[in-house]
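Reminder, nothing fancy here: chain letters follow the sequence lines and each chain counts from 1. Given the structure is predicted, the values throughout are model-derived calculations rather than measurements.
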Protein chains: 2
Amino acid sequence: MFGCLVAGRLVQAAPQQVAEDKFVFDLPDYENINHVVVFMLGTIPFPEGMGGSVYFCYPDQSGMAVWQLLGFVTNEKPSAIFKISGLKSGKGSQHPFGAMNLPQTPTVAQIGISVELLDSLAQQTPVASAAVSSVDSFTEFTQKMLDNFYNFASSFAVTQAQMTPNPSEAFIPANVVLKW
Amino acid sequence: MFGCLVAGRLVQAAPQQVAEDKFVFDLPDYENINHVVVFMLGTIPFPEGMGGSVYFCYPDQSGMAVWQLLGFVTNEKPSAIFKISGLKSGKGSQHPFGAMNLPQTPTVAQIGISVELLDSLAQQTPVASAAVSSVDSFTEFTQKMLDNFYNFASSFAVTQAQMTPNPSEAFIPANVVLKW
């Protein structure tokens, strides 16, 4: 039903089924993984009204499994690219794999897919840094960052009339920041 | 031998074989595509000493096919994610699909894979903006951009002693920019 692809490696199309509604792919050498693609094979759709939540699971320093919600796949959006390279220091989130007790190996992480009601998925919030779609709006993001910067910098802006005498301090005309 | 996946859509595993060593996937509604994953299915490896160059082909305003080299897949690196959303205004590059005369439909682009000698691939340069690995260094890129900005803004910096009288113009202390 599902496939998993680590960018640069061979595709995996045979997850381990750890419960009726739960599937797990192993990700060996996960510290060298940047992007993971999770997709439906197109053979079996989700049952009506259901979809899959996609989790990344990695062992913390004490070997305990940390689970993070990456996002979702559904019949309407049957594939997604996730960025996992920034997640390894993040906090764990609630997850439905609690009782699975998957064996943790220091260098092996997992992708877990849990088949759930779409209504239930709609109430879950993935970790923001995993969304590759946010990278799509790169220009937008940059623009927003610069707007923030202008607002931040402007809060320090002074006119010459307000300046305290300190002839050595350098000032940048605010319109230069704005033009850039 | 190859699969192709548009992020958000169903996987395609049956390219059109347009020559003995050339394979093509159609990408309908390509203007709404951000990322494309190209991968080997793992069934048949490349012959010894060979690999695949991966091209994106889209119709320009006059309906002519524009080809751009995205990158490569090889037995050692059997999958890759490419960002195509920034490529639609780029210039075409040399490509080996010249005589194919693929039918061009305004909203349909193609991914073309050409099986070639690794030595030949090593002499080809993909369009830089297609590499998703560059997205990995997002923070680095942002830092560089801000450094550039500081250098740019600093070139306008003045001290109070150098200021021409204009009490209404706003100035931002340079150290605010630097701290940010």
- Message: Just by distance, no angles: are the side chains of Q16(B) and Q110(B) close enough, under 3.5 Å, to form a donor-acceptor pair?
- Response: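 Absent: no donor and acceptor within the cut-off.
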- Query: At a heavy-atom separation under 4.5 Å, does L5(B) approach chain A through its side chain, its backbone, both, or neither?
  - Reply: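 Side chain of L5(B) only, per the 4.5 Å heavy-atom cut-off to chain A.
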- Message: Please identify, among T74(B), V37(B), V6(B), the residue contributing the most non-hydrogen atom pairs under 4.5 Å to chain A.
- Response: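 With the most close heavy-atom pairs to chain A, the winner is V37(B).
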- Task: Give the member of G42(B), A7(B), G8(B), G3(B) that has the highest number of heavy-atom pairs under 4.5 Å with chain A.
- Result: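 Most pairs with chain A among the choices: G8(B).
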- Message: Does the plane of the ring in H95(B) sit parallel, tilted or perpendicular to the ring in W67(B)? Use 30° and 60° as the thresholds.
- Response: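 The arrangement is parallel - the two ring planes meet at less than 30°.
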- Classify the ring geometry between F46(A) and F2(A) as parallel (under 30°), tilted (30 to 60°) or perpendicular (over 60°).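 Rings of F46(A) and F2(A): tilted, as their planes differ by 30° to 60°.
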- Task: For each of E76(A), M40(A), R9(A), tally heavy-atom pairs with chain B at distances under 4.5 Å, and name the one with the top tally.
- Result: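 When all of E76(A), M40(A), R9(A) are compared, R9(A) has the most.
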- Message: If you apply the rule ring-ring contact (aromatic ring centres under 6.0 Å, His included), what do you find for F25(A) with F39(A), and how did you get there?
- Response: CA-CA 12 Å; F25(A) 290 97; F39(A) 58 101; 8.5 Å; no
